[in-house]
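Presented below is the structure to which this report refers.
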Amino acid sequence: MKFRDGQIDVAIVAGPRLRLWPTQGVRVLSRYCSDAGLRVGWYGGAGIKVRGVLPGESGGAVVMVEDAQSRLHRVQAKAVVKISSELEFPLPFPGWYSPGLIPESTARRLLNEGSLNWQSVVVILGSGNRALRLGSELLEKNLSSRVVCLESVYDQVQGWEVDLRRFEILGGKIAFGKPVGLEQKSPFTWSLKIQDPQGVRIIDAARIISVGPFAEDAGYREFPPGSLLVEWENTEAAQLQEDVEQVLLDEHRAVVLASTLIRGLAEPSAEFKSQLEKQLWSSKQKLKELESLSARRFRWSYEGKWLSQASKLALHAHEGVPKRLEAGKIKASIECVEAIGCRACEKSCPADAIRIDRDKKTFLMEDACTGCGFCLQACPSQVPVMIEGDATSSFTHLIFPITEKPLPKKGDRVSLLSRRGEVLAQSRIIDLFLDGPVPLFKVEVPSHLVWEARGILPLENVGAVQDSSEFYQERGTRVEIQIQGDVRRVREGQLTSVALFEIGMARPNDILMCGDGSCGLCQIEVDGIKKFACESTIHQGMNIRFTRDHPSSSELCPCEGIETPAFQERISAVKPETLEALTQVIGVGQGRCHGLLCRKSWMCLAEQAGVQVERYHDWRFPWGDWAIK
Amino acid sequence: MKLSVDFLLVGTGVAPLLAAQKLVQRGETVAILNPDSDFFLENSELPLDLLSFETTDTDLNRRFTNNLPEQMYRDLSPGFPGAIEIAKEEDLGKLASEYQVESAPWIRARRRMWVAPASGPSRERLESLYLRALDLGWKPQWLEGLAMARRFPGFSARSAESRDLEGWVGFMGPKLGDVDVTRYRTGLLEFVRERLGRENVLTSVHSLGADGKGFRFQGKQGQPTGVSVNRAVLHFWTPRLERGLRNQLERYHPRSLRGFNESATRQLWEEWDLISRDPVNPFVVAHLESLRVWSHGEGMPPPDGWSRIKVMRRELSTRLAGESSFSDIGRLVFEFMGWERFTVRNMTPRSFYRWNQTTPIEYDAEGVRNLIIPACDGPLQWIATQVRKAIDGV
Ligand code: SF4
Ligand code: SF4
Ligand code: FES
């Protein structure tokens with residue numbers, strides 16, 4: 001094993017199963033630190049595996065990194081910032097640990113690489129933007145006929161109004177309640193038990209996808225205090241448009257963190273210092289504002305099917321909405337009432353008709369709008385619509401983008417839908433514009449509905465679902481393999497984990513599908529050799545055996561076989577005061593996955609029992625089972 | 001809030017708990033202050049004696065005798081509020097008796113085995129150790145080649161023929177004890193908390209120090225508290241408390257600080273947790289130069305053994321997880337045990353002292369009697385003995 005030693009001031013390291021690397025927060029942090037004269041290193045990304053951080057006795061830490069050539073780098077750092085993956089599961093409930101419940105990352109993999117049938121109901125746990133968008137995607141691509149987003153806090157949909165709107169218009173449903181049980185009913189159906197104020201309900205679903213958010217976004221924490229060892233949970237999305245708030249939060253947090261590190265490690269010039277002070281002050285202000293944003297979500301209110309008077313007023317007062325409708329003129333209406341400001345619409349508009357100011361308020365220069373439709377296509381939440389005609393005549397027209405196949409036809413009958421997906425009236429498609437840069441269609445709308453109708457549902461085209469066969473079409477050739485002694489036909493070259501899901505033989509320990517062996521759970525034996533299902537691919541004649549199997553149960557820490565009741569009993573007997581004590585005495589999180597699957601769950605339970613978990617981070621070394629050849 | 005006690009105990013690990021238990025039995029009133037946020041952060045307490053002999057004139061007989069499972073039982077059970085069980089190889093697979101408590105600490109009787117390369121200075125040391133054990137009547141059993149290797153915990157016989165096992169020699173020594181530290185600590189803590197009441201077992205205390213009327217400290221929430229101490233304040237020396245204790249001594253008893261510096265040497269060990277793919281012989285603890293190797297678990301081992309292996313490795317510098325760590329472990333695992341790969345589950349640094357002088361230091365601080373009890377780290381059994389001696393003396 002080749003070995004290298006190095007030294008650095010600030011090491012920014014990627015934890016296991018990270019969705020995004022490097023994050024915007026990482027970039028900002030390292031820019032500030034290096035401007036202050038600190039030596040900064042990033043460790044993560046393709047081929048670079050961070051094995052763990054070993055805190056030193058007198059501050060600082062050793063970071064162990066393995067590069068693509070399997071060389072080991074032992075980096076002595078004065079400060080470490082670990083970016084870790086976010087909480088992917090809700091609090092454990094009986095049966096949660098089963099292939100019926102998968103995290104979003106696994107769901108996406110199955111969507112991209114698999115040919116799983118999700119046609120019946122899909123339940124998404126969580127109601128944040130990511131949950132709503134995943135739901136909308138499933139519906140829009142006709143991959144599922146019914147999608148329910150389940151939020152455990154009553155009447156508190158977490159996501160933006162615009163994403164909620166899109167989801168509901170597409171037919172998605174929101175439900176409130178806590179998942180309390182999950183059982184497999186048939187190879188591809190799971191029964192999810194939900195507890196709400198009315199009692200316990202059961203939803204049968206093809207799959208439960210766990211997206212969240214399940215905890216408040218806490219940003220970063222230094223543990224132990226004063227050690228300059230920082231864990232930062234990554235909740236940032238890959239693109240700015242996907243989650244402006246989060247990216248901004250991360251940027252400002254990075255400034256605050258950078259100033260802490262700089263104060264501890266560097267002696268910058270007075271000029272730099274005063275600049276930093278200024279930036280720090282404004283970042284702190286911004287953080288306050290952003291952090292309270294989610295509590296101030298905008299929601300439309302209704303009187304029967306119609307927008308309430310207050311909502312109507314709010315809509316017309318909004319600067320993104322045209323104030324004058326004129327016969328024969330098409331104008332966009334940018335109904336983005338919350339301060340989102342992802343600016344995708346602004347950037348896409350060739351006529352500069354959309355402006356988003358510093359407070360993220362949207363303005364439409366309605367005279368400049370040419371009705372080209374670019375903004376309709378650009379907005380990730382499909383907020384803008386175009387309105388043609390004036391509201392004094394009995395009919396006006398609404399213009400929507402054509403997003404997915406099958407193509408609508410002129411004359412198709414449709415239902416007009418409100419912002420929350422309720423049918424308002426019947427209408428028909430009166431025109432298609434397929435030749436322009438943005439494919440659009442036009443529907444006729446009774447004028448009194450022009451501010452109410454924001455979506456359509458095809459009436460005749462119910463066969464749409466079958467058209468998704470295009471998506472499910474055979475990819476690759478099928479080959480025969482043996483799994484646990486049975487002969488099965490699966491697609492060649494496919495990831496073994498995906499294949500296991502497709503044929504309904506996935507095990508609970510296949511749900512993470514980390515793709516890099518970092519959880520170590522999905523071990524199988526391929527022709528007698530131990531491998532990870534998430535790293536190996538299918539080939540003709542292979543023989544797969546399962547080496548270890550967890551029963552699907554209420555286990556809190558499946559690796560170590562610890563159940564929730566036993567855990568709670570031990571907590572009340574031993575009354576541990578710290579999580580270190582808890583892991584030692586009860587043994588949770590000490591198994592093969594190093595708590596990747598269970599840590600956050602028992603942390604929540606422990607917190608409820610009064611254990612100090614705040615700001616805790618387990619710096620245990622290494623972070624995952626580390627196989628050395 | 002104002003406390004008033006006969007004895008105020010300041011410490012981080014098992015020692016203050018054990019002392020409290022003994023003092024309460026004597027009818028004294030006691031409170032414990034722990035600067036750590038829990039009693040589980042102290043990691044200088046070991047399940048067994050690592051028998052790392054710095055000098056050749058170690059009193060081998062005494063070390064072996066002290067570590068016999070029965071002796072360990074005798075040292076650990078007084079003061080422990082529940083049962084302690086002993087696990088022997090003969091009992092493996094037998095059903096647990098109805099008197100055995102599932103969560104009790106167990107003492108396992110495991111054979112010690114010493115192994116060294118067949119030539120070089122290590123072999124010479126091994127032979128001299130063997131001869132001394134022989135002279136002392138410990139009936140060591142000399143072993144070579146496969147016969148020796150088979151007994152080694154974690155040894156894989158899979159490709160034994162292709163490895164040069166003749167290059168290694170060793171011997172089997174006596175059966176010595178090792179104990180479940182966490183269970184011992186948990187049992188004691190539960191009991192002491194109940195006995196003293198939670199308000200007298202305080203964690204996360206800081207700003208400790210003597211004041212005119214006794215002792216003061218600040219609690220978790222920062223509230224200042226005074227304690228009037230009728231008899232004495234006892235401090236239990238563990239590495240986590242070292243800095244504070246040195247400051248105390250410097251202030252009140254500088255002369256003894258020098259004595260401490262001379263009598264105590266610090267040892268740094270790396271504790272590696274490896275995962276074996278085959279079951280591991282649970283009844284042998286092996287010594288291979290600077291390494292100690294045994295299979296790890298709590299209670300009675302299951303019939304086919306545990307699959308976790310502990311490797312304790314002495315690190316002479318302060319560089320943890322350096323190149324030499326990996327090469328030592330690599331040599332053990334690949335060359336000797338014959339694995340194709342190994343999986344590291346954990347690596348934790350452990351540090352503790354070797355003490356030559358173990359008598360408590362006494363000094364007067366602002367009119368209050370203070371005692372520092374050294375050597376409250378290392379093998380659990382030593383700590384228990386040390387605490388017993390100290391408490392008997394006050
Ligand atoms: S329709 Fe075209 S011109 Fe009008 S706002 Fe949208 S992008 Fe700009
Ligand atoms: S693209 Fe424009 S309308 Fe759509 S979410 Fe972003 S800012 Fe709002
Ligand atoms: S589930 Fe893997 S350690 Fe708990």
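Order of the sequence lines fixes the chain letters, A, B, ..., with proteins taken first and strands second; residue numbering starts at 1 for each chain.
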Using a 6.0 Å cut-off, check whether atom [atom1] of [X] has over 12 heavy atoms from anything other than its own residue.
X: A/Gln608; atom1: CD; answer: yes
X: B/Arg198; atom1: CZ; answer: yes
X: B/Gln218; atom1: CD; answer: yes

Exercise. Which region of B/Phe326, side chain (C-beta onward) or backbone (N, CA, C, O), has a non-hydrogen atom less than 4.5 Å from a non-hydrogen atom of chain A, or is it both or neither?
Worked result: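 The side chain, not the backbone.
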Exercise. With a 4.5 angstrom heavy-atom cut-off, which part of B/Phe334 approaches chain A: side chain, backbone, both or neither?
Worked result: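 Only the side chain of B/Phe334 comes within 4.5 Å of chain A.
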Any donor-acceptor N/O pair, [X] side chain to [Y] backbone, under 3.5 Å:
X: A/Arg620; Y: B/Arg345; answer: no
X: B/Asp38; Y: A/Ala581; answer: no
X: A/Gln584; Y: B/Thr182; answer: no
X: B/Arg185; Y: A/Val585; answer: no

Exercise. Ion pair present between B/Arg308 and A/Glu560, side-chain N to carboxylate O less than 4.0 angstrom?
Worked result: yes
Problem set entry | A/Glu577 and B/Lys220 ion-paired at < 4.0 Å |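 Yes, this pair counts.
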Exercise. Heavy atoms, side chains only, cut-off 4.5 Å: are A/Gln590 and B/Asp273 in contact?
Worked result: no
Exercise. So do the side chains of B/Thr318 and A/Glu57 get within less than 4.5 Å of each other, counting heavy atoms only?
Worked result: no
Exercise. Could you state the interatomic distance from CD1 (B/Ile275) to CG (A/Asp625), rounded to the nearest 0.5 Å?
Worked result: 5.5 Å
Problem set entry | Nearest-0.5 Å distance, CH2 of residue A/Trp626 to OG1 of residue B/Thr343 | 11.5 Å
For this session: Examine whether an atom of A/Leu54 lies under 4.5 Å from a heavy atom of chain B, and if so say whether it belongs to the side chain, the backbone or both; otherwise answer neither.
Result: side chain
Exercise. Of the backbone (N, CA, C, O) and the side chain (C-beta and beyond), which part of A/Leu582 lies under 4.5 Å from a heavy atom of chain B, both, or neither?
Worked result: neither
Exercise. For A/Val62 and B/Leu320, what are the C-alpha separation, side-chain angles and deciding distance, and is it a side-chain contact (heavy atoms from CB on, under 4.5 Å)?
Worked result: CA-CA 8 Å; A/Val62 169; B/Leu320 289 165; 6.0 Å; no
Exercise. Do you know which of A/Glu580, A/Lys629, A/Lys575, A/Arg74 has the most heavy-atom pairs with chain B at a distance under 4.5 angstrom?
Worked result: A/Arg74
Problem set entry | Most chain B-contacting option - heavy-atom pairs closer than 4.5 Å, from A/Gly587, A/Gly591, A/Gly52 |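 Top option by heavy-atom pairs under 4.5 Å: A/Gly591.
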Problem set entry | From CA spacing to verdict: side-chain contact (heavy atoms from CB on, under 4.5 Å), A/Asp5, B/Arg319 | CA-CA 11 Å; A/Asp5 271 293; B/Arg319 276 181 92 255; 2.5 Å; yes
Exercise. For the candidates B/Glu323, B/Glu340, B/Glu190, which exhibits the highest count of non-hydrogen atom pairs separated by less than 4.5 Å from chain A?
Worked result: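 Most heavy-atom pairs within the cutoff with chain A belong to B/Glu323.
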